[in-house]
Protein chains: 2
Amino acid sequence: MSPAREDLLSIRQMCALFDVTPRTLRFYEAKELLAPLRRGTARLYGYRDRARLKLILRGKRFGFSLEDIRQLLDMYDRNPGQQEAQLARTYALAAERLAQMERQRAELDEAIAELKAEMDWGATALAALRSAAAAE
Amino acid sequence: MSPAREDLLSIRQMCALFDVTPRTLRFYEAKELLAPLRRGTARLYGYRDRARLKLILRGKRFGFSLEDIRQLLDMYDRNPGQQEAQLARTYALAAERLAQMERQRAELDEAIAELKAEMDWGATALAALRSAAAAE
DNA sequence: CGCCAAGGTGACGTTAAGGTAAACCGTGAC
DNA sequence: GTCACGGTTTACCTTAACGTCACCTTGGCG
């Protein structure tokens with residue numbers, strides 16, 4: 001069950017909800033990706049923090065660095081009015097990242113193909129050794 | 001022009017031949033991946049070193065760590081007689097690595113697909129904003 | 001009052017594969 | 001002699017994203 005919009009979560013609850021460690025949340029906060037409320041010294045995570053964390057984790061899945069993510073997030077809440085320009089910028093960054101990922105995939109494909117070729121060679125050599133051994 | 005079998009290369013020549021830095025060659029030596037001859041204190045790289053370095057760089061392209069590569073290389077020249085067993089072992093490691101690479105590729109594909117979906121969404125939103133702006 | 005669990009801070013460690021800097025050596029040329 | 005060049009060693013630095021530890025605080029409960 002996801003928390004209601006106004007719920008404030010403790011760090012533990014937050015961790016359970018997103019499957020991260022407390023260290024991670026404090027780390028993100030140190031990097032200015034999150035800014036939970038405080039009750040005394042204790043952190044309280046609200047709706048906004050949950051939304052941000054969701055974006056952070058998604059960004060990570062896409063291979064963005066935390067620094068990249070911070071900049072995007074910052075852009076959105078430093079001047080929440082330039083929606084079109086911001087969306088366009090985000091889109092451009094995403095396109096760039098997509099191109100990177102596709103290059104990476106191409107390299108990976110190449111390496112996979114090359115490795116498979118080596119393995120075919122190895123399989124042949126292995127078979128030859130074994131039939132030679134059997135023939136003795 | 002590749003060097004003749006008996007040629008001994010200086011570290012510079014080696015670097016030029018394989019497009020690596022001296023630091024890299026010394027680093028590999030510290031990690032016991034290479035063991036060039038010495039004339040005085042200077043390193044001299046022979047045929048064997050060139051063959052090993054070629055394997056090292058190939059291994060890296062496949063995403064093996066230097067430590068993995070060292071173990072494979074070691075296996076081959078610590079007891080150069082168990083050819084079948086060694087080849088089989090190498091083959092097994094390659095298969096494992098291939099599986100890893102294919103998993104990685106699948107994840108990458110998924111991330112690419114997800115990112116593309118986000119981008120479609122973004123493109124739509126962007127178009128909506130623009131036509132709204134045009135309508136004013 | 002005493003204690004525990006949950007929370008906090010600060011500091012240092014980890015990993016891989018080198019980069020970078022400082023200081024030294026040997027030798028062939030001039 | 002000394003200059004430059006190519007080489008050597010040792011040692012510390014880098015990056016990312018946390019993990020781990022030691023040592024406080026604080027709130028609640030019996």
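Just so we're on the same page: letters track the sequence lines, and every chain starts at 1. Side-chain atoms are counted along with the backbone in the values below, which use heavy atoms only and exclude waters and symmetry mates.
- In this structure, the CZ atom of B/R39 is 11 Å from the C1' atom of D/dG7, given to the nearest Å.
- At the phosphate of D/dC18, neither OP1 nor OP2 sits under 4.0 Å from any side-chain N or O atom of A/T21.
- Rounding to whole angstrom units, CD1 of residue A/I69 and C1' of D/dA16 are separated by 12 Å.
- Side-chain proximity of A/R23 to the nucleotides D/dG7, C/dG18, D/dT20 is greatest for D/dT20.
- Spacing between atom NZ of B/K60 and atom P of C/dA17 amounts to 6 Å, rounded to whole angstrom units.
- Atoms CG (A/D68) and P (D/dA17) sit 9 Å apart, rounded to a whole Å.
- At whole-Å resolution of the value, CG in A/L34 and P in D/dA17 are 14 Å apart.
- Distances shorter than 4.0 Å separate none of the side-chain N or O atoms of A/Y28 from OP1 or OP2 on D/dA17.
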Does the side chain to side chain contact (heavy atoms under 4.5 Å, CB included) test come out yes or no for B/K54 and B/F18, once each step is laid out? CA-CA 8 Å; B/K54 198 181 302 181; B/F18 289 96; 4.3 Å; yes
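- Atom pair B/F27:CZ and D/dT14:P shows a separation of 17 Å (rounding to whole Å applied).
- More than 12 heavy-atom neighbours from other residues, nucleotides or ligands sit within 6.0 angstrom of CZ on A/R70.
- With distances taken from any side-chain atom of B/L66 to the nucleotides C/dA17, D/dG7, D/dA17, the minimum falls on C/dA17.
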Kindly indicate, with the supporting measurements, whether the criterion side chain to side chain donor-acceptor pair (under 3.5 Å) is fulfilled by B/S10 and B/Y45. CA-CA 6 Å; B/S10 75; B/Y45 297 89; over 6 Å; no
Determine, stepwise, if the pair A/L25 / A/L53 fulfils side chain to side chain contact (heavy atoms under 4.5 Å, CB included). CA-CA 9 Å; A/L25 295 182; A/L53 184 52; 3.7 Å; yes
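- Across all strands, A/R38 comes closer than 4.0 Å only to sugar-phosphate atoms, never to a base (heavy-atom distances).
- With a 4.5 Å cut-off on side-chain heavy atoms, B/R50 and B/L9 count as touching.
- The bend of the helix from C/dC1-D/dG30 to C/dC30-D/dG1, defined by the angle between the axes of its first five and last five pairs, stands at 40° to the nearest 10°.
- B/E32 CD: 12 or fewer foreign heavy atoms inside a 6.0 Å radius.
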Start with the C-alpha distance between A/Q100 and A/R103, add both sets of side-chain angles, then the distance that settles side chain to side chain donor-acceptor pair (under 3.5 Å), and finish with yes or no. CA-CA 5 Å; A/Q100 256 181 50; A/R103 276 199 301 281; 5.7 Å; no
Pair A/E67, A/K60 - check salt bridge (charged side-chain N to carboxylate O under 4.0 Å, His left out), show working. CA-CA 11 Å; A/E67 177 54 22; A/K60 286 201 55 181; over 6 Å; no
Between A/E102 and B/K116, does the salt bridge (charged side-chain N to carboxylate O under 4.0 Å, His left out) criterion hold? Intermediate values first, please. CA-CA 11 Å; A/E102 288 184 328; B/K116 275 185 177 164; 3.4 Å; yes
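- Within the 4.5 Å cutoff, side-chain heavy atoms of B/E29 are placed close to those of B/R43.
- Taking every heavy atom of residues 92-111 of chain A and every atom of DNA chain D, no pair lies under 4.0 Å.
- Within 4.0 Å (heavy atoms only), B/R43 reaches sugar-phosphate atoms of the nucleic acid but no base atom.
- Taking atom CD1 of A/I11 as the reference point, atom P of D/dG27 lies 17 Å away to the nearest angstrom.
- As a whole-Å value, the separation of A/L9 CG from C/dA6 P is 17 Å.
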Working for salt bridge (charged side-chain N to carboxylate O under 4.0 Å, His left out), residues B/E107 and A/R105: CA-CA 10 Å; B/E107 277 174 39; A/R105 184 175 58 185; over 6 Å; no
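- For the pair B/Y28/B/R52, no side-chain contact is recorded, criterion being any heavy-atom separation below 4.5 Å from C-beta on.
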Along nucleotides 21-26 of chain C, 5' to 3', which nucleotides get a B, which get an S, and which get a -, given that the test is a protein heavy-atom distance under 4.0 Å? ------
